[in-house]
Amino acid sequence: MTTTVDTPRVSPFSRWASLTKAEFVLLRRNALQLFYALIMPLAAPFLFRDLADVEGVHGLLASVITLIVLFGLVFVAFYNPLSAIVNHREESVLQRLRGGEVSDATILTSVSAPGFLVGVLMAFATIAISVPALGLDIPVNIPLMIATILVTAAMFVVMAFATSISTRTAESAQITSMPFIILVFLGAAVPLMPDTTSTLYQIGQFLPTAPVAELLSASWFGPVDFAELGQPVLILLAWTVLPALYAAKRFRWAKRS
């Protein structure tokens, strides 16, 4: 007589939650990244408190807050997933997970979930703190602001996957990540350019974070003209979808021989 033992089935969500929890633990242990991603953005609005009462600087302060939010996202939603992906690949963790019952989507989303979620919460908290701390207006279109932040964080994550393809080691990520980081801060500075008719300004509008700055400004102070916002929306979506397609086709699961 033989007896069979029923093994409990683990749901895909439970597997994802377990892997994501482990990634959160790794992120929590990286004190330097957490400092740059959380403490600095949340404390930065108070550094500009003396300018809050100066007439005519609220637009400039909003641009500064946008730059601070992007600064935090660079570390937590881009660089952290990038280093995690490369480390897991070089240590054959991705291959071992892929050889089990975990789907590819579960593996990839669990690696990127901590950076995405922490980055989104950081962005919302920074803006929420800036309104009372700097006397800024309440955003006129909160749904547009929320959608912009969510898509921006997703863009940073997919750029991390795309960048990991050409990144051999976690140490080399400091070099391979620089082109995108430079584009991030150049794009955020485009709306501050005084001459909006210059060729440099027109080219700068196609940088990844130029549409982010424009959409956040429109959602914060208005006016919200969706006909005029069509171009920045399309540019932001292009910077999100095209790297995702590239990463889906060329992503490396195993380390180079």
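For the numbers below, each heavy atom of this structure counts, side chains included, while hydrogens, waters and symmetry mates do not. Throughout, numbering of the chain's residues begins at 1 and tracks the sequence.
- Annotation: side-chain hydrogen bond (donor to acceptor under 3.5 Å, both in side chains) contacts involving residues 172-189, sequence neighbours excluded, comprise T167-T176, T169-S172.
- The closest side-chain heavy-atom distance from P143 to N141 is below 4.5 Å.
- Judged as a salt bridge (charged side-chain N to carboxylate O under 4.0 Å, His left out), the pairs with a partner in residues 92-108 (not counting sequence neighbours) are, in order, R15-E101, R98-D104.
- Between F180 and W239, the two ring planes are tilted [angle within 30° to 60°].
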| task | Output, in order, the C-alpha distance, side-chain angles, deciding distance and verdict of side chain to side chain contact (heavy atoms under 4.5 Å, CB included) for F24 and V118. | result | CA-CA 10 Å; F24 265 112; V118 173; 3.8 Å; yes
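- Closest of all the heavy-atom pairs between V131 and P139 is CG2-CD, 4.5 Å.
- Rounding to the nearest 0.5 Å gives a distance of 13.5 Å between CD1 of I175 and OG1 of T163.
- Summarising the geometry of A77 relative to P81, their closest heavy-atom pair is O-CG, 3.4 Å, with the distance given to 0.1 Å.
- At a threshold of 4.5 Å between non-hydrogen side-chain atoms, the residues L229 and L144 count as touching.
- Side-chain contact between V74 and L70 is absent, with no heavy-atom pair separated by less than 4.5 Å.
- Among all heavy-atom pairs drawn from V86 and A170, the shortest one is CG1-N, 3.5 Å.
- Inter-residue side-chain proximity for T209 and L183 is flagged as unmet; no heavy-atom pair is nearer than 4.5 Å.
- Here the side chains of I85 and F161 are in contact, with some heavy-atom distance below 4.5 Å.
- Scanning all heavy atoms of the two residues, the minimum distance from A213 to P191 falls at CB-CG, 3.5 Å.
- M145 CE to L216 CG: the interatomic distance, rounded to the nearest 0.5 Å, is 5.5 Å.
- Think of I165 as one node in a network of Ile, Leu, Val, Met, Phe, Trp and Tyr side chains linked at under 4.5 Å; its network also takes in Y246.
- Among pairs with a residue in residues 72-92, those fulfilling side-chain hydrogen bond (donor to acceptor under 3.5 Å, both in side chains) read E23-H88, at least two apart in sequence or across chains.
- Under the 4.5 Å side-chain heavy-atom criterion for Ile, Leu, Val, Met, Phe, Trp and Tyr, F251 and L245 are members of distinct hydrophobic clusters.
- Side-chain contact between L134 and F46: absent, with no pair of heavy atoms (C-beta onward) separated by less than 4.5 Å.
- When all heavy atoms of P208 and L236 are compared, the closest pair comes out as O-CD1, 4.2 Å.
- Between atom CE of residue M155 and atom CG of residue L73 there is a gap of 8.5 Å, rounded to the nearest 0.5 Å.
- Both V120 and I142 are members of a single hydrophobic cluster when ILVMFWY side chains are connected at heavy-atom separations under 4.5 Å.
- With sequence neighbours left out, the salt bridge (Lys or Arg N to Asp or Glu O under 4.0 Å) criterion links D137 to no other residue.
- Atom OG1 of T152 sits about 7.5 Å away from atom CG of L215, to the nearest 0.5 Å.
- Taken from CE in M122 to CZ in F71, the straight-line distance is 10.0 Å, to the nearest 0.5 Å.
- Pairs engaging residues 184-223 under the ring-ring contact (aromatic ring centres under 6.0 Å, His included) rule: none recorded [sequence neighbours left out].
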| request: List the steps, then state whether side chain to side chain contact (heavy atoms under 4.5 Å, CB included) holds for R252 with S164. | output: CA-CA 8 Å; R252 293 181 178 272; S164 72; over 6 Å; no
| request: Please test V184 against F156 for side chain to side chain contact (heavy atoms under 4.5 Å, CB included), starting from the C-alpha separation and ending with a verdict. | output: CA-CA 10 Å; V184 165; F156 277 73; 4.0 Å; yes
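- Cluster annotation: L82 and I181 are assigned to the same hydrophobic cluster (Ile/Leu/Val/Met/Phe/Trp/Tyr, side-chain heavy-atom contacts under 4.5 Å, transitive).
- At a threshold of 4.5 Å between non-hydrogen side-chain atoms, the residues L97 and V93 count as touching.
- Residues L108 and S112 form no side-chain contact, since every pair of their non-hydrogen atoms from C-beta on lies 4.5 Å or further apart.
- Counting only distance, with no hydrogens or angles, the side chain of S110 and the backbone of I107 share a donor-acceptor pair below 3.5 Å.
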| said: Would S63 and T66 count as a side-chain hydrogen bond (donor to acceptor under 3.5 Å, both in side chains) here? Give the steps. | reply: CA-CA 5 Å; S63 297; T66 299; 5.8 Å; no
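- Rounding to the nearest 0.5 Å places CD1 of I65 at 9.5 Å from CD1 of I129.
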| Intermediate values then yes/no, side chain to side chain contact (heavy atoms under 4.5 Å, CB included), V25 and R28 | CA-CA 5 Å; V25 172; R28 189 179 62 189; 4.3 Å; yes
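- The heavy-atom pair separating L27 from P114 by the smallest distance is CD2-CB, 4.0 Å.
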